[in-house]
2 protein chains.
Amino acid sequence: MELTERQKQILRAVVDIYISTAEPVGSKAIAALPDVSFSSATIRNEMAELTQLGLLEQPHTSAGRIPSPAGYRLYIDELMQDYRLSLDETRSLNEALELKSQEFDKMMSQVGKLVSKMTNLPAYTVASRRSEAVAKHFDLIMAGPGSIILVLMLSGEVVKNKLVKLPVNVSEAELKLLSAVLNASLTDLTADEISGELLEKISRSAGSAAPLVPLVMDFTLESLRQQHGDVHLTGQMRLLGQPEYRDAAEKAQEVFETLDEDMLSNLPAVLPRDGPVQFLVGPENVAKELKDTSVVMMRFDIGDGMQGTIGVVGPTRMEYAKITAKLGYFAENLGRMFQKTNPNLPPKLPDGSENEE
Amino acid sequence: MELTERQKQILRAVVDIYISTAEPVGSKAIAALPDVSFSSATIRNEMAELTQLGLLEQPHTSAGRIPSPAGYRLYIDELMQDYRLSLDETRSLNEALELKSQEFDKMMSQVGKLVSKMTNLPAYTVASRRSEAVAKHFDLIMAGPGSIILVLMLSGEVVKNKLVKLPVNVSEAELKLLSAVLNASLTDLTADEISGELLEKISRSAGSAAPLVPLVMDFTLESLRQQHGDVHLTGQMRLLGQPEYRDAAEKAQEVFETLDEDMLSNLPAVLPRDGPVQFLVGPENVAKELKDTSVVMMRFDIGDGMQGTIGVVGPTRMEYAKITAKLGYFAENLGRMFQKTNPNLPPKLPDGSENEE
DNA sequence: TGTTAGCACTCCATTCCTCTGAGTGCTAAA
DNA sequence: TTTAGCACTCAGAGGAATGGAGTGCTAACA
């Protein structure tokens with residue numbers, strides 16, 4: 001059944017007001033809006049209807065209405081109005097985007113911190129693969145007596161390294177030989193394409209460095225099979241700034257016990273192929289502990305089979321429009337930064353820039 | 001002025017009881033302890049004395065006593081009894097110590113998570129240098145058309161890498177040449193020893209790869225000057241499990257706004273040269289926002305001029321003895337793990353193992 | 001038929017009060 | 001010097017009273 005225009009208007013108003021006040025919304029508050037021309041009694045009738053439809057909820061008889069999860073969902077899918085970032089906001093986002101570090105992992109972690117700060121909510125970032133990883137380059141560097149550093153470069157410009165303590169004595173020349181062998185025979189192969197025979201062949205050509213081969217291979221296979229990079233979750237405490245968690249520290253704790261890295265790293269998988277943004281509203285979330293929590297996530301392209309995901313975690317009552325706008329801005333500019341030749345290009349300015357606070 | 005044995009006993013009892021109950025301690029509670037042979041009236045007199053000395057405080061006239069910061073300090077320095085880890089605790093610490101990753105940074109971050117979990121408090125880890133850093137090895141790897149990966153190994157077995165977008169076209173052979181030049185002329189030099197002349201000389205020998213030199217050098221110098229690695233702070237939310245923060249989310253938030261990475265990374269500096277452990281009790285802390293917060297930190301040796309620091313953050317009322325014992329156990333075993341040939345050695349078991357809960 | 005004003009009713013949140021009990025300090029006796 | 005006893009204090013729990021926001025319903029109106 002389709003809502004009337006007026007019902008939509010009222011639903012949108014309830015969500016908008018509730019999002020900004022965190023208080024149940026009464027009929028009078030809506031009647032007082034500038035573009036509402038009908039009386040509070042009419043609104044009461046419509047609200048009763050919307051409640052019946054399961055789009056609104058009433059904490060108790062003598063309270064106003066709050067959106068139900070279904071109400072939020074409808075709001076997000078159909079009613080939400082695009083938030084236009086104000087010039088001020090754009091400016092501070094731009095400032096934020098001047099990332100200091102240029103090491104990939106640190107950048108991701110910094111991005112998370114920025115997003116958390118700009119939205120005043122907990123945020124996370126993950127980099128994940130969209131295609132099978134292959135090894136691109138091996139490097140074995142003498143680190144000291146008895147130990148070497150194994151540097152492994154994968155597709156997606158991911159670099160991993162590991163300190164390996166040598167089980168046997170190996171000379172520098174032998175190391176050179178081994179890395180040459182590895183580079184010659186293992187590059188551009190996926191984990192599955194690396195066969196046992198191949199490994200034996202390598203071991204044979206490695207001479208006295210052969211005992212190193214399994215150590216190197218374990219690390220390589222493990223790295224190749226990793227579907228995503230580190231999860232950077234920050235700003236957890238900001239959740240406490242939200243009225244719904246202010247006096248419910250326990251609930252906030254629970255949220256973050258549930259929302260561990262495993263879970264976060266798997267979230268990008270639910271991102272739709274077509275849109276870069278995805279909302280998980282309250283009970284749509286995976287775990288029941290998160291039933292009052294929502295997540296907005298945004299994908300950005302890193303190129304070479306990798307994608308980044310930025311997510312913001314907050315109460316179901318979240319400024320979806322604003323957050324989406326900010327994440328979108330981040331995503332767009334990060335995508336460009338990660339792909340373009342010069343990472344220090346200034347971020348692109350938005351076309352128009354009027355706010356709508 | 002020196003405390004009498006009885007006063008010490010009472011002070012210790014107050015701290016011990018308050019630490020475990022978080023409630024002001026009355027004279028009766030102490031009189032009820034098994035090894036107390038004097039009456040509650042006597043204890044009242046002594047407590048009045050200790051209050052006068054500034055070692056105890058009284059929230060209000062009809063409440064028991066709680067330790068003052070000075071009281072905690074005296075407790076830590078003189079009265080605290082070593083906590084003997086129970087077999088159970090040792091066992092779970094050992095399990096925890098089976099770190100999965102063997103990449104240094106990830107290990108540090110995992111250690112933080114473990115410590116936080118085992119103490120049920122927020123924890124952090126930092127690695128920092130104890131001596132000047134020098135470059136140990138340079139490596140330039142072709143990553144794709146127009147970009148290379150610069151891998152830099154420093155003393156302390158620290159490996160850094162950065163994706164560099166090429167300003168000019170450079171052939172693989174030229175890259176090889178450049179890395180050879182870098183390795184020949186820059187290794188074992190500190191940041192200060194790298195002079196402008198040296199750089200010019202390198203640029204000249206680098207041929208058409210010369211435009212790369214400043215890019216490489218900026219990164220190298222920056223890395224050499226870095227005094228400490230990433231700070232890994234986790235488990236912030238666990239602070240909320242503590243009664244003093246349960247309904248003071250605001251305060252908890254404040255703590256973590258103050259306790260940022262900058263600050264944490266500078267904390268190891270206050271570690272005394274002689275002891276591996278340091279306590280910052282309440283107002284001894286640097287910032288006034290932390291006046292109700294304490295930090296226990298423990299150093300462990302990584303070797304090669306590096307040290308690691310594990311810290312636990314909690315309310316002033318913290319289980320100092322237990323936490324110190326656990327941190328000590330971690331530190332000892334980590335020190336061994338990071339230094340010994342085989343990182344998979346099982347952790348050393350403690351000599352005796354009876355608990356004292 | 002749809003809209004609105006008016007009104008009785010509901011119920012949460014706040015305030016204020018009382019009361020209880022834990023704990024103290026002091027005094028006087030042992 | 002220690003201890004029993006006692007009057008006193010005060011935070012916190014529990015409960016009643018109050019205020020007010022918001023509702024649903026009815027009846028009048030366009």
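Chain identifiers are assigned alphabetically (A, B, ...) following the order of the sequence lines, protein sequences preceding nucleic acid strands; residue numbering begins at 1 within each chain.
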Acceptor/donor pairs from residues 41-48 of chain B side chains to any protein atom, 3.5 angstrom cut, sequence neighbours excluded:
residue	atom	partner	partner atom	Å
B/T42	OG1	B/S39	OG	3.3
B/R44	NH1	B/S27	OG	3.3
B/E46	OE1	B/Q7	NE2	3.3
B/E46	OE2	B/R6	NE	2.8
B/E46	OE2	B/R6	NH2	2.8

| With sequence neighbours left out, what residues match B/E289 under salt bridge (Lys or Arg N to Asp or Glu O under 4.0 Å)? | none
| field | Residue-level proximity of residues 56-64 of chain A to DNA chain C when a heavy atom falls under 4.0 Å | value | A/H60, A/T61, A/S62
| field | Pairs where residues 17-26 of chain B contributes a residue and the test side-chain hydrogen bond (donor to acceptor under 3.5 Å, both in side chains) is met, not counting sequence neighbours | value | none
So which protein N/O to nucleotides 16-19 of chain C N/O distances come out below 3.5 Å?
none

| request: Round to a whole Å and report the spacing from CZ of B/R44 to P of C/dA22. | output: 14 Å
| message | B/E261: which residues meet the salt bridge (Lys or Arg N to Asp or Glu O under 4.0 Å) condition with it, sequence neighbours left out? | response | A/K113
| With distance as the sole test, does B/Q9 use its side chain to make a donor-acceptor pair with the main-chain N or O of B/V36 at under 3.5 Å? | no
| remark: Sequence neighbours excluded, the answer for side chain to side chain donor-acceptor pair (under 3.5 Å) partners of A/Y320 is A/S294
| task | Mind running a 4.0 Å heavy-atom check of residues 8-21 of chain A against DNA chain C and sending the residues that fall below it, in number order? | result | none
| Yes or no on salt bridge (charged side-chain N to carboxylate O under 4.0 Å, His left out) for B/D16 and B/R12, after CA distance, side-chain angles and deciding distance? | CA-CA 6 Å; B/D16 281 337; B/R12 182 190 297 132; 5.3 Å; no
| query | Got a sec, which residues hit salt bridge (Lys or Arg N to Asp or Glu O under 4.0 Å) with B/D262, two or more places apart in sequence or on another chain? | reply | none
| task | Go through DNA chain D in 5' to 3' direction and return only the first and the last nucleotide with some atom under 4.0 Å of chain B's heavy atoms. | result | D/dT2 to D/dA11
| query | Which residues pass the salt bridge (Lys or Arg N to Asp or Glu O under 4.0 Å) test with A/D88, sequence neighbours left out? | reply | A/R91
| Exam field: side chain B/K326 to backbone B/M118, donor-acceptor pair closer than 3.5 Å | yes
| query | Does any residue of residues 28-42 of chain A have a heavy atom under 4.0 Å from DNA chain C, and if so, which ones, in number order? | reply | A/S37, A/F38, A/S39, A/A41, A/T42
| query | Considering residues, nucleotides and ligands other than B/E78, do more than 12 of their heavy atoms fall under 6.0 Å from its CD? | reply | yes
| task | Let me know the distance between CD of A/E49 and P of C/dT3, rounded to the nearest Å. | result | 12 Å
| request: Report, as yes or no, whether the 6.0 Å neighbourhood of atom CD on B/E257 holds more than 12 heavy atoms from other residues, nucleotides or ligands. | output: yes
